[in-house]
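First the structure, in the form of structure tokens, and then the observations on it.
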Amino acid sequence: MTNSFTIRVPATSANIGPGFDVVGLPLPVPVITYSGEGADEVPLDPYRNLMTRVALYVLRCNGHRTFPPALSIHCHNQIPFGRGLGSSGAAVIAGVLLGDSLGKLNLSRERMLDYALMVERHPDNVTAALVGGFHKYPSLKSSRNTLPDAGENWGLSPPVPPLGIGHYVRFKWNSSIKAVAIIPRFELSTAKARAVLPESYSRKDLVFNMQRLAVLTTALGQTPPDPELIFEAMKDRVHQPYRKTLIPGLPAVTSLITPVSHPGLLGICLSGAGPTILALATHNFDSIAGKIQEIFQQEQIEVDWKILEVTGGSTVDS
């Protein structure tokens, strides 16, 4: 009897406005096929593919040394790489869900998050991808990355995640708010985007961000949304000013497009480390996206754009 199931993991956006960072026996080797975004870039070797490495890690932590025999995995990806939309976090969550499903482990969402956080050092991305909604992640008790490229003898006795590595708070989100994702046609690695950040910040800049973050987490759940309040609350002094040299057009986007010039707009920020721009809005999506596209074209940069909704997280469908 052949069993099959479908895992769906959404794209994610981190660093919203001022909220910066807040697996020695011969093994059955699964056959991996891949389509969609990055199909010519993703390694199909299960010991190098991030999703299957995470799945094997979860399996081995729970007494399963190998993948099931005759396993075939097809992945269709809609999340572009290196654009600040959480592609690596999505792969980690897909791996945790895959390991849980293959091993029939019936892990709770909280325990799945523990496994994900042993691998992915961006808890804001993996939490949003797993459980959905709008979250703040206050702490991370472990920042280990347990998964270098693997081999048949790798990870036979892996470190089991501690219980409750981190906690998160889920905020209210007004369902009328959509995210217009403007995706430039170039990649920007997280490492490069982090390298331009300073080692320390002034008290003034940190207070600026904390004040706005405290407002933003409530304002995005209010009915109706307050454009002026949200626009101001999405301003940032911790990462966006330093990344403007990596993303031509960013200063113009964040200063020229406002709720006054484009009714329906609530706020604009980088998505993750960029280069994707996220514009939160309730309507007038085409006009907002068109103006941002125009600004990027003046910098000789082509973009794509999509309207995204906040989702309920990842699912496994039989």
Side-chain angles (χ1 to χ4, degrees), residues 11-22 37-38 41 50 79-92 117 119-129 136-140 143-145 179-213 216 231-257 267-280 292-293 295-305:
T12 58
S13 179
N15 303 342
I16 302 300
F20 176 70
D21 278 350
V22 173
E37 293 279 352
E41 303 175 49
L50 178 58
I79 307 173
F81 297 160
R83 311 294 175 84
L85 289 171
S87 57
S88 62
V92 169
L117 291 173
V119 181
E120 173 59 63
R121 300 186 183 190
H122 297 94
D124 37 9
N125 283 118
V126 293
T127 304
K136 181 177 183 297
Y137 200 98
S139 65
L140 182 59
S143 61
R144 300 180 65 180
N145 187 324
V180 182
I182 314 298
I183 310 168
R185 294 180 187 172
F186 69 90
E187 295 186 13
L188 175 59
S189 72
T190 300
K192 184 176 181 179
R194 283 186 175 270
V196 300
L197 301 180
E199 291 293 328
S200 61
Y201 295 91
S202 69
R203 178 185 297 179
K204 182 179 179 181
D205 285 348
L206 292 179
V207 170
F208 179 95
N209 268 46
M210 288 189 292
Q211 288 174 331
R212 281 151 183 79
L213 181 59
L216 184 65
F231 189 80
E232 179 62 31
M234 286 184 65
K235 292 181 179 179
D236 164 79
R237 290 184 180 175
V238 169
H239 75 111
Q240 290 184 174
Y242 303 97
R243 289 169 168 167
K244 63 185 180 182
T245 58
L246 302 176
I247 308 169
L250 177 61
V253 168
T254 55
S255 62
L256 298 180
I257 305 174
I268 297 180
C269 65
L270 275 182
S271 178
T276 294
I277 303 288
L278 206 67
L280 301 185
I292 299 175
Q293 185 175 38
I295 291 173
F296 273 113
Q297 285 175 339
Q298 291 172 2
E299 301 288 344
Q300 309 302 312
I301 297 172
E302 294 299 320
V303 303
D304 302 296
W305 66 276

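- Taking 4.5 Å as the limit, some side-chain heavy atom of V196 sits within range of a side-chain heavy atom of R243.
- The minimum heavy-atom distance between R185 and V303, with the atom names listed, is NH2-O, 3.9 Å.
- Using a 4.5 Å heavy-atom cutoff, the side chains of R237 and Y201 are not in contact.
- Counting only distance, with no hydrogens or angles, the side chain of T276 and the backbone of R83 share a donor-acceptor pair below 3.5 Å.
- Contact record, T254 with F231: O-CZ, 4.1 Å, taken as the closest heavy-atom pair.
- Residues I257 and I295 meet the side-chain proximity criterion, which asks for heavy atoms closer than 4.5 Å.
- Within the 4.5 Å cutoff, side-chain heavy atoms of P241 are placed close to those of D236.
- Looking at every heavy atom in both residues, R212 comes nearest to K235 through CD-O, 3.9 Å.
- Inter-residue side-chain proximity for F186 and L246 is flagged as unmet; no heavy-atom pair is nearer than 4.5 Å.
- The CE atom of M210 lies 10.5 Å from the CG atom of D205; values are rounded to the nearest 0.5 Å.
- Just one of V92, T127, L50 meets the side-chain contact (heavy atoms from CB on, under 4.5 Å) condition when paired with E120; it is V92.
- The shortest heavy-atom contact between P275 and G82 is CD-O, 3.4 Å.
- Among all heavy-atom pairs drawn from I247 and G274, the shortest one is CD1-CA, 4.2 Å.
- Counting heavy atoms from C-beta outward, E37 and I79 have side chains that stay 4.5 Å or more apart.
- Atom OG1 of T190 sits about 8.0 Å away from atom CG of N125, to the nearest 0.5 Å.
- Judged by distance alone, the side chain of Q240 and the main-chain N or O of L270 form a donor-acceptor pair under 3.5 Å.
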